[in-house]
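Read through the structure below, which is laid out as structure tokens, and then see the notes.
Sequence lines set the chain letters: A, B, ... in the order given, protein chains first and strands last, and positions in each chain run from 1. For clarity, every value in this text was computed on a predicted model and none was experimentally measured.
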Amino acid sequence: MLIRLSNFFFKTLREDPADAEVASHKLLVRAGYLRRQAPGVFAWLPLGLRVKAKIEGIIHEEMAAAGAHEVHFPALLPREPYEATGRWDEYGDALFRLKDRHKADYLLAPTHEEAFTLLVKDIVTSYKELPLSIYQIQDKYRDEARPRAGLLRGREFTMKDAYSFGLTDEQLEQSYLAQRDAYERIFNRLGLDYVIVAADAGAMGGSRSEEFLLPVEIGEDTFVRSDSGYAANVEAYVTPPADPQPYDGVGAPVEFDSPETPTIETLVDLLNREFEHPEGRDWQASDTLKHVVLAVTDQAGERELVVVAIPGDRAVDEKRLEVAFAGYEVTPATPADFAKHPELVAGYIGPVLDGAQILGLEHKSGIRYLVDPRVAEGTVWVSGASRAEVHTRSLVYGRDFSADGVIDIANVRDGDLAPDGSVIQTARGMEIGHVFQLGRKYAEALGLQLLDENGKQQTVTMGSYGIGVTRILAVMAELHHDDRGLIWPANIAPCHVHLVATGKDQIALERAEELASRLVADGVEVLFDDRPKLSPGVKFGDAELLGMPYVVVVGRDAAEGIAEVWDRASGEREKLPIAEVNSWLNAKLGR
RNA sequence: CGGGAUGUAGCUCAGCUUGGCUAGAGCGUCCGGUUUGGGUCCGGAAGGCCGCAGGUUCGAAUCCUGUCAUCCCGACCA
């Protein structure tokens with residue numbers, strides 16, 4: 001394989017494009033891999049396509065090894081199947097919709113669950129054909145509110161999406177693990193230092209879901225992990241319930257005046273000024289209970305107020321809130337809500353008024369009352385007294401008040417505990433893969449059923465498994481570059497070696513030509529800069545920008561049979577007899 | 001959707017505050033010469049409804065209003 005730059009479709013730019021912010025975006029455009037078409041939409045030039053094809057090649061190999069069969073669907077799909085599963089509406093503005101000339105609705109697929117399900121329904125007629133895994137590599141479309149960071153969050157992006165079909169939970173688990181293993185092999189081959197985290201499975205009606213995250217600052221997901229190996233997306237992190245505490249020695253609740261304490265901070269100040277903590281330490285925000293009033297609306301439009309209690313040192317995490325109320329719309333309570341419920345005194349909300357519990361379905365207010373998992377039997381709290389400028393201390397959960405249930409929506413912090421008791425750290429990550437047990441939701445909606453070996457009608461259970469191909473390409477560029485340009489790993493570089501012929505001396509070009517032929521004959525992919533009349537500086541600059549892992553310069557010493565070889569990643573440069581370049585390269589490439 | 005910034009040559013930008021005559025630079029492109037191990041140098045040339053619409057003015061890239069677009073932060077992102 002030989003590419004001659006003298007006759008190649010590319011153009012390097014000396015300056016960063018004005019609309020690029022992140023390194024991968026700047027470099028891929030500057031080096032002539034990509035051009036912007038529209039926000040979050042890119043044209044692919046030959047160099048970019050070659051890298052993309054190499055990444056896809058690795059995926060194809062591992063999909064085949066996992067027993068998945070390749071198919072290909074159109075990106076343009078009709079509305080009806082998405083109507084049947086509810087996604088035509090649920091997907092909202094992120095779905096690209098369009099009409100044909102007959103005014104029929106179409107969409108540009110954001111993922112292909114419906115299409116795959118219907119194809120399997122069409123083709124598979126017996127349980128004996130299951131389990132089955134099929135996949136495609138296809139462009140996906142999502143009308144992101146704000147595309148950003150070049151390829152990292154585009155509106156068109158290439159994705160490998162696989163779907164598994166089985167009749168039993170065991171078959172689903174088996175297919176899931178096969179894909180999960182394939183993902184590990186793919187990411188290992190790419191040298192990506194991924195973390196597998198538990199993900200939220202609730203919203204799609206599935207049971208088990210894991211994300212492959214790359215721990216990078218630029219990532220948009222927050223996840224937690226501990227030394228014990230526990231790892232979860234914050235959305236899926238579960239706070240271990242606190243242990244019940246003995247409270248025999250705790251005195252009865254005491255109300256105290258607390259003027260001008262609208263915030264937790266001012267309340268803690270007042271506690272420290274006026275009261276001694278029973279344990280002799282300072283009062284802390286975590287001794288207090290913060291009450292948040294939410295309005296929860298279900299799909300039928302039924303609206304209900306809910307009061308949530310979390311420790312005063314925590315805030316509500318909006319993503320965790322959404323997961324906790326999946327399927328409902330949640331908004332802050334309005335002034336009108338407070339007006340309707342005089343027992344909710346803003347800033348002084350508490351479960352108890354005058355010694356009697358008021359919050360809770362079974363209590364006077366009738367408002368559902370949920371508490372953080374840290375609010376365990378016997379824990380002692382300071383809370384509002386349901387009257388302006390009065391708080392209560394020594395409120396014991398399980399003695400003085402109780403809740404309708406537990407809710408886990410407080411934010412997560414470094415030092416919190418994992419379910420296994422280990423200490424977690426939080427980090428940012430970029431999602432590069434996702435494996436998901438969908439269960440029977442799609443099969444049910446689209447009528448994918450088969451007779452089992454007992455002649456009983458069974459609904460098929462499905463999994464879906466995605467890898468962001470173009471996002472991985474961008475991530476690889478983020479991870480592998482220096483201030484001069486890209487530095488691809490050899491297994492995804494457009495070519496193995498960038499061969500530069502410099503000098504006006506004809507002999508250098510001839511020697512370079514001979515070397516190129518020998519390398520090609522040996523199966524090396526060669527990008528050959530044979531452009532005439534270009535100064536060496538220009539060629540060196542392009543060689544470094546384009547990012548082949550190895551550069552061979554045949555120039556000044558060509559007449560003596562000497563070339564210079566560069567290892568871009570290590571920065572090493574050495575002079576070698578031209579005759580030895582091939583074996584040097586083979587050693588570097590591990591061939 | 002909220003906040004911020006920016007739209008001038010193929011690219012990256014200056015000019016706008018304080019309106020004025022043929023609208024500038026660098027890079028790139030084309031022509032001639034020069035140079036050949038770090039984006040050579042010299043000379044010449046092509047290339048711009050100054051995002052769009054309206055307004056103010058004798059006169060608008062510059063001031064005002066509207067509008068569209070792009071980028072950044074946030075919200076959003078099965």
Nearest whole angstrom, please: distance from the [atom2] of [N] to the [atom1] of [X].
| X | N | atom1 | atom2 | answer |
| --- | --- | --- | --- | --- |
| A/Asp542 | B/rG37 | CG | P | 17 Å |
| A/Glu210 | B/rA78 | CD | P | 18 Å |
| A/Leu545 | B/rG39 | CG | C1' | 11 Å |
| A/Arg35 | B/rG10 | CZ | P | 13 Å |

Return a table of donor-acceptor pairs under 3.5 angstrom between the side chains of residues 553-564 of chain A and protein atoms on other chains or two or more places apart.
residue  : atom : partner  : partner atom : Å
A/Asp557 : OD2  : A/Lys575 : NZ           : 2.8
A/Glu564 : OE1  : A/Trp566 : NE1          : 2.6

Contacts under 3.5 angstrom, residues 476-487 of chain A side chains, donor-acceptor by atom type, not counting sequence neighbours:
residue  : atom : partner  : partner atom : Å
A/Glu478 : OE2  : A/Ser24  : N            : 2.9
A/Glu478 : OE2  : A/Ser24  : OG           : 2.7
A/His481 : ND1  : A/Ala477 : O            : 2.9
A/His481 : ND1  : A/Glu478 : O            : 3.1
A/Asp482 : OD1  : A/Arg484 : N            : 2.8
A/Asp482 : OD1  : A/Gly485 : N            : 3.0
A/Asp482 : OD2  : A/Arg568 : NH1          : 2.9
A/Arg484 : NH1  : A/Glu544 : OE1          : 3.2

Is there a residue in residues 461-476 of chain A whose heavy atoms reach under 4.0 Å of RNA chain B, and which residues are they?
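Residues of residues 461-476 of chain A under 4.0 Å from RNA chain B: none.
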
Expected output is a numbered-order residue list: members of residues 547-570 of chain A with a heavy atom under 4.0 Å from any atom of RNA chain B. What is it?
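Heavy-atom contacts with RNA chain B come from A/Val553, A/Gly555, A/Arg556, A/Glu564, A/Trp566.
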
Contact list (N/O, under 3.5 angstrom) for nucleotides 32-36 of chain B vs protein:
residue : atom : partner  : partner atom : Å
B/rU36  : OP2  : A/Lys504 : NZ           : 3.2
B/rU36  : O2'  : A/Lys504 : N            : 3.2

Can you name the residues that form a salt bridge (charged side-chain N to carboxylate O under 4.0 Å, His left out) with A/Asp193, not counting sequence neighbours?
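With neighbours one apart ignored, the set is empty.
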
Contacts of [X] that satisfy ring pair (Phe, Tyr, Trp, His ring centres under 6.0 Å) - sequence neighbours left out:
| X | answer |
| --- | --- |
| A/Tyr33 | A/Trp488 |
| A/Tyr141 | none |
| A/Trp584 | A/Tyr550 |
| A/Tyr91 | none |

Detail all sub-3.5 Å separations between protein N/O atoms and N/O atoms belonging to nucleotides 24-28 of chain B.
residue : atom : partner : partner atom : Å
B/rG26  : N2   : A/Glu15 : OE1          : 3.3
B/rC27  : O3'  : A/Arg14 : NH2          : 3.4

Looking across every strand, which nucleic acid part, if any, lies under 4.0 Å from A/Arg573 by heavy atom: base, sugar-phosphate, or nothing?
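The answer is base, as A/Arg573 lies within the cut-off (heavy atoms under 4.0 Å) of a base atom.
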
Run the salt-bridge test on A/Arg87 and A/Glu113 with the 4.0 Å N-O cut-off and return the result as yes or no.
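The answer is yes: the pair qualifies as a salt bridge.
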
For the residue pair [X] and [Y], is the inter-centroid distance of their aromatic rings smaller than 6.0 Å?
| X | Y | answer |
| --- | --- | --- |
| A/His25 | A/Phe42 | yes |
| A/Phe187 | A/Phe212 | yes |
| A/Phe116 | A/Phe73 | yes |

Distances under 3.5 Å between nitrogen or oxygen atoms of protein and nucleotides 71-75 of chain B:
residue : atom : partner  : partner atom : Å
B/rC73  : OP2  : A/Arg146 : NH1          : 3.1
B/rC73  : OP2  : A/Arg146 : NH2          : 2.7
B/rC73  : N4   : A/Arg146 : NE           : 3.4

